[in-house]
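Residue numbers start from 1 in every chain, and the chains themselves are labelled A, B, ... in the order their sequence lines are given, proteins ahead of strands.
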Amino acid sequence: AQSVAQPEDQVNVAEGNPLTVKCTYSVSGNPYLFWYVQYPNRGLQFLLKYITGDNLVKGSYGFEAEFNKSQTSFHLKKPSALVSDSALYFCAVGYSGGYQKVTFGTGTKLQVIP
Amino acid sequence: DSGVTQTPKHLITATGQRVTLRCSPRSGDLSVYWYQQSLDQGLQFLIQYYNGEERAKGNILERFSAQQFPDLHSELNLSSLELGDSALYFCASSAFGNEQFFGPGTRLTVL
């Protein structure tokens, strides 16, 4: 079985400050890891993914995420938060051999304060 | 625009009724996923199809069913609707091993 945890329901950060949204996972086999963002009344949008290679993954809108195998984490980061980054963020995990079955976390609401 | 289309955008119906939600995946994507999103339950995976075959089932009620047709579009059928079925229903598609692309969703309101 695979699972993903987003321990924070909400993260508040001041505009211009660095932000981190946390995600930990559990999976058998090599993980496929994803981050998605959802703006109000919209579908989820893909931000970035890790399948193999460099542990630091760069994605859309200046976001990046670091894969840490020993800590089974895949935290989302951005050096300088924008008010427009305020949204709901979902982490998701799949695995090689899992035939595309992906499990989503419960989501973290990011609030960037002007 | 993700390339995934869903119809209708909004649906208002009464308890006990049956509705069908439709999804067209991105060109070339063989996998289709259905999700339900409500305020109290978050994003719930319902079911996945791959090239016409059911591949994975999540928290899908027996009153709900889905299928994927030879042209790869998919339909989600919801029957004997209850007030608690009011939610956003998303369809997503993907190519093997890759990220999912989500449609804009269908907002279902059951009165």
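Note on A:L82: it does not cluster hydrophobically with A:L110, by side-chain heavy-atom contacts below 4.5 Å among ILVMFWY residues. Both A:Y50 and A:V37 are assigned to one and the same hydrophobic cluster, defined by single-linkage of ILVMFWY side chains at heavy-atom distances under 4.5 Å. Residues A:F74 and A:V11 share a single hydrophobic cluster, defined by chaining ILVMFWY side chains whose heavy atoms lie under 4.5 Å apart. In this structure, B:V110 is a member of the same hydrophobic cluster as B:L61, with clusters built from ILVMFWY side-chain heavy atoms closer than 4.5 Å. In this structure, A:V21 is a member of the same hydrophobic cluster as A:V4, with clusters built from ILVMFWY side-chain heavy atoms closer than 4.5 Å.
The side-chain heavy atoms of B:F102 and A:F46, taken from C-beta on, include no pair separated by under 4.5 Å. At a threshold of 4.5 Å between non-hydrogen side-chain atoms, the residues B:F45 and A:T103 do not count as touching. Between B:F90 and A:R42 the shortest side-chain heavy-atom distance does not fall below 4.5 Å. Between B:L43 and A:Q38 the shortest side-chain heavy-atom distance does not fall below 4.5 Å. Using a 4.5 Å heavy-atom cutoff, the side chains of B:E99 and A:W35 are not in contact.
Of the two parts of A:L88, only the side chain, counted from C-beta on, holds a non-hydrogen atom closer than 4.5 Å to a non-hydrogen atom of chain B. In this structure, chain A has no heavy atom under 4.5 Å from any part of B:Q44.
Separating the CG atom in A:L44 from the CZ atom in B:F101 is a distance of 12.5 Å, to the nearest 0.5 Å. A distance of 7.5 Å separates CD of B:Q100 from CZ of A:F34, quoted to the nearest 0.5 Å.
By the 6.0 Å contact criterion, CD on A:Q10 is enclosed, its count of non-hydrogen atoms from other residues, nucleotides or ligands being greater than 12.
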